[in-house]
Amino acid sequence: MKKLFGILLCGLALTAFTACGDDGTVNNGEINNKGLIEKSCDDFEEISGEQQEFKVTIKTDGEWKARLSQTKFVSLKEGSASGAEGESEIVMVFTENGSDAARSVTLSVTVGNNKSVTVCRVTQRSIFAKGTDAQVNREFTWRWMNQNYLWNEDLRAAVNSAPDYDKPYDEFLDYLLKSINTNTMDGYWYPSRTATKKEWVYYSNISRYAVGGSASVSSVTRAGKTQEMGFGAEIEPMMFDYSGNLYFSVLWVYPGSPAAQAGLKRGDFIGKINGSLITERNYEQLLIAFYYPNNGTKMTFSLCSYDFDKGAASYPEGSDKEVTTGYYFPTPVVYYRVFESSDASIKNKIAYLVYTSFDNAYDDDLRKAFYLFKEKNATDIILDLRYNGGGAVVSSQLLTSVIAGPSCADQVFMYYRYNDERMKSGGWDKNDYKSYNALKFDGGAANSYGFNFDNIYIIGTYDTASASELVINALHGIDRKITHVGLETNGKNVGMEVITTTQPLNGYMYSFAPISFQSYNAKGESDYDDGFVPDIKADFSNIVPHDWGVAYQNGDDGKIYYADYIGVCLDAILSASNPEAAKGRKVVGASGAYSNVRKLQSPRSVIRHRNMYVDYVAPEDK
């Protein structure tokens, strides 16, 4: 058997078999009589120039010892230089090849009293050599783009079915995406389509990570919750004046995280870190230190109170919060509650849920929120998706089903339209959306809660995308009335099926998410690639955040200002159902309240924006 473990791409094994030779050597996987029964490698292997481990599995009929022809740039990992009869693993550890030339090493084993036998010869290319990523480009990226990309035929015609495989893996994907101009739904303008300076960012993306590491799209399966190490908060740099000093505004804190345990909360302003002011010169380094710390790192955050009239910050006694990094669960269910009035004439009980991504590992947290809403007999709901850029379609299906209620049972949640070749092979008519592959609402989840909300309000902004927009479109598809408050959404009406390698390619693991389907609701509607226009437009993008649940603030002029989108939603709901109770409130827009507030772009925000618009479908979800 030539391959004990072939390279697996989404469950497809590339395995070959050969016959045994009789010349005392091992040729193309053929086995001789020197004690080596099976091996997982070819006689000649080629790997990239990066530092890496190369693993070989062997099977012998006795005890064995391994030997390398030289050890200048490669060594045998501890514990893999010898072994007993049976199946064993040999791990070769290569240093980075920073020279201009390739280099080779021969691995051999001696079994019992037999003579040494060659297992394989491994050639490591230079990191500067062309074609370092040719294998992954040819066998992984191009293969899946050619088969599954929504515009695969246009792509194939543009590159004449012979792409330039010698590019680095990320540049190769970029080159493919830019080869055609029909894939206008694959991407978005960052930071927004109306910004003076903007960049087109593709949704389709590929990432690689070390063997034993984790993918950037780590929750594509139904695996359990994964802990992260850090402080456990999302922060954003803001400038309130022209002094050159900056402040980190806390956007949200993950429940149970080190930041939460230290008392940090949304709306806090961090003016100093470890006693030093935050400035335009050091804020990027401080952000990197905040988001990518070592375990056990301590930071002291000095929380300030900012007087916008005087343009100065003050630090009250006890404002320092010392936080040590630790492990926490990054649940996307960051806040939920039910708004109830002390006025007996107001019967509304308004559920409020802040949900930052669709991660099916945390669907149980989502259910807990709705158990509370059911216990409190919620009559209306405000779903806050302002920061939600997408995620698992199955979680979007669950959330939408619960909100829609029992009336959605047996109705279509969404249709999938693939490229024409896949449509034909699946027996679907590309011109008839009703024939597309369909996903139904989760009737069981809808019936278990039995909600029939009087009002469904959704807070959405340009950062609201993908699986979040599926919620809006799916509810439109079954004629459930919703009110969208905020700004136009991102406009991602396409999605991905994420493919991950299960064995290394060129010494790395890869996660690839090409756009592979367009989504339609039960009515066949999918025309929101420019985003959903809000029913009630409100812009709080340049307003400093308040803690979750704060709807209004009192102004020095005696007027009541909206503190957030929540206030807009609450007023709209209460004005409709309790016109008398709403008469006494004079609420004015707060768009000009803090005209000097300026948000700054940071490395973290760019990373978060570029990676957030990933929605995916696991095979078992369809």
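Everything quoted here is computed from the prediction, not taken from an experiment.
Ring geometry for F172 versus Y175: interplanar angle of 30 to 60°, hence tilted. Between F540 and Y562, the two ring planes are perpendicular [angle over 60°; tilted spans 30° to 60°]. Ring planes of Y387 and W252: tilted class, angle from 30 to 60°. Using a 30° and 60° split on the angle between ring planes, Y202 and W200 fall in the perpendicular class, above 60°. Using bins of under 30°, 30° to 60° and over 60° for the plane-to-plane angle, the ring pair Y418/F517 lands in the perpendicular bin. Note: Y415 and Y433 have perpendicular aromatic rings, judged against thresholds of 30 and 60 degrees for the angle between ring planes.
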Test side-chain contact (heavy atoms from CB on, under 4.5 Å) on V333 and L353; report intermediate values, then the result. CA-CA 8 Å; V333 183; L353 169 66; 3.8 Å; yes
Dump the intermediate steps for side-chain contact (heavy atoms from CB on, under 4.5 Å) on R156 and N146, then the final yes or no. CA-CA 7 Å; R156 195 182 300 143; N146 186 28; 2.7 Å; yes
Please test V354 against W548 for side-chain contact (heavy atoms from CB on, under 4.5 Å), starting from the C-alpha separation and ending with a verdict. CA-CA 9 Å; V354 182; W548 299 121; 3.6 Å; yes
Criterion salt bridge (charged side-chain N to carboxylate O under 4.0 Å, His left out) on K167 and D174, from CA distance to verdict: CA-CA 10 Å; K167 295 179 179 293; D174 191 57; over 6 Å; no
Please lay out, stage by stage, how Y510 and F512 fare under the test ring pair (Phe, Tyr, Trp, His ring centres under 6.0 Å). CA-CA 6 Å; Y510 292 83; F512 183 33; 9.6 Å; no
Run the numbers on R417 and D429 for salt bridge (charged side-chain N to carboxylate O under 4.0 Å, His left out), then give the verdict. CA-CA 9 Å; R417 181 183 69 80; D429 182 354; over 6 Å; no
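At a threshold of 4.0 Å, the pair E375-K368 does not count as salt-bridged, since none of the basic side-chain nitrogens sits closer than that to a carboxylate oxygen. Between K434 and D432 there is no salt bridge, since none of the side-chain N atoms of the basic residue sits less than 4.0 Å from a carboxylate O of the acidic one. With respect to the salt-bridge test (charged N to carboxylate O, under 4.0 angstrom), the residues K349 and D454 do not qualify.
Side-chain N or O atoms of D384 include one that pairs as donor or acceptor with a backbone N or O of R386 at under 3.5 Å. Without hydrogens or angle criteria, T461 side chain to L487 main chain gives no donor-acceptor distance under 3.5 Å. Of the possible polar contacts, one joining the S257 side chain to the G232 backbone as a donor-acceptor pair under 3.5 Å is found. Side chain of N183 to backbone of D186: no donor-acceptor contact under 3.5 angstrom is found. K376 places no side-chain N or O within 3.5 Å of a backbone atom of A378 that could act as its donor or acceptor partner. Checked by atom type and distance alone, the side chain of N360 never pairs as donor or acceptor with a backbone atom of D363 at under 3.5 Å. Judged by distance alone, the side chain of T500 and the main-chain N or O of S511 form no donor-acceptor pair under 3.5 Å. One N or O on the side chain of R266 and one on the backbone of L251 form a donor-acceptor pair closer than 3.5 Å.
One side chain, E421 or N152, offers a donor N or O that lies under 3.5 Å from an acceptor on the other. Judged purely by distance below 3.5 Å, without hydrogens or angles, the side chains of S541 and D539 pair a donor atom with an acceptor atom. E469 and T489 are linked by a side-chain donor-acceptor pair at a separation below 3.5 angstrom, with hydrogens and angles left out of the test. Looking only at atom types and distance, the side chain of Y169 has no donor-acceptor partner in the side chain of S207 under 3.5 Å away. Side-chain atoms of Y203 and N490 form a donor-acceptor pair, as typed in the model, at a separation below 3.5 Å. Under the 3.5 Å distance criterion, with hydrogens and angles disregarded, a donor-acceptor pair is assigned to the side chains of T182 and D154. With no hydrogens or angles considered, a side-chain donor-acceptor pair links N521 and N473 at under 3.5 Å. Residues S357 and N388 have side chains that never bring a donor and an acceptor to within less than 3.5 angstrom of each other.
Taking CD1 of I499 as the reference point, atom OG of S516 lies at 7.0 Å (rounded to 0.5 Å). In this structure, I458 CD1 and L385 CG are separated by 6.0 Å, a value rounded to the nearest 0.5 Å. Here the CD1 atom belonging to I381 is positioned 5.5 Å from the CZ atom belonging to F373, to the nearest 0.5 angstrom. Rounding to the nearest 0.5 Å gives a distance of 7.0 Å between CH2 of W151 and OG1 of T184. Here N348 contributes atom CG and I573 contributes atom CD1; the two are 7.0 Å apart, rounded to the nearest 0.5 Å. Here M496 contributes atom CE and S466 contributes atom OG; the two are 6.5 Å apart, rounded to the nearest 0.5 Å.
For L155 against L176, the heavy-atom pair with the smallest separation is CD1-O, 3.2 Å. Between M145 and P514 the shortest heavy-atom distance is SD-CB, 3.8 Å. Taking both residues in full, the closest heavy atoms of A474 and F441 are given as O-CZ, 3.9 Å, listed atom of the first, atom of the second, then distance. A pairwise comparison of heavy atoms in G477 and K523 identifies O-CG, 3.5 Å as the closest pair. Closest approach of Q518 and S526 over heavy atoms only: NE2-OG, 2.8 Å. Closest heavy-atom contact between S179 and A158: O-CB, 3.6 Å.
By the 6.0 Å and 45° rule, R138 stacks over the aromatic ring of Y165. At least one cation-pi condition fails for R143 and F140: the charged atom is not both under 6.0 angstrom from the six-membered ring centre and inside a 45 degree cone around its axis.
Screening residues 479-498 for ring-ring contact (aromatic ring centres under 6.0 Å, His included) gives no qualifying pairs among residues at least two apart or on separate chains.
Qualifying salt bridge (charged side-chain N to carboxylate O under 4.0 Å, His left out) partners for D420, counting only residues two or more places apart in sequence or in other chains: K430. In this structure, D535 has no salt bridge (charged side-chain N to carboxylate O under 4.0 Å, His left out) partners at least two apart in sequence or on a different chain. Taking Y362 as the reference, nothing meets the ring pair (Phe, Tyr, Trp, His ring centres under 6.0 Å) condition, with sequence neighbours excluded. Residues forming a ring pair (Phe, Tyr, Trp, His ring centres under 6.0 Å) with Y520 (at least two apart in sequence, or on another chain): Y436.
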Listing, residues 400-410 side-chain donor-acceptor contacts under 3.5 Å, not counting sequence neighbours, or none:
{"unit_1": "T400", "atom_1": "OG1", "unit_2": "S396", "atom_2": "O", "d": "2.6"}
{"unit_1": "S401", "atom_1": "OG", "unit_2": "Q397", "atom_2": "O", "d": "2.6"}
{"unit_1": "S401", "atom_1": "OG", "unit_2": "D442", "atom_2": "N", "d": "2.8"}

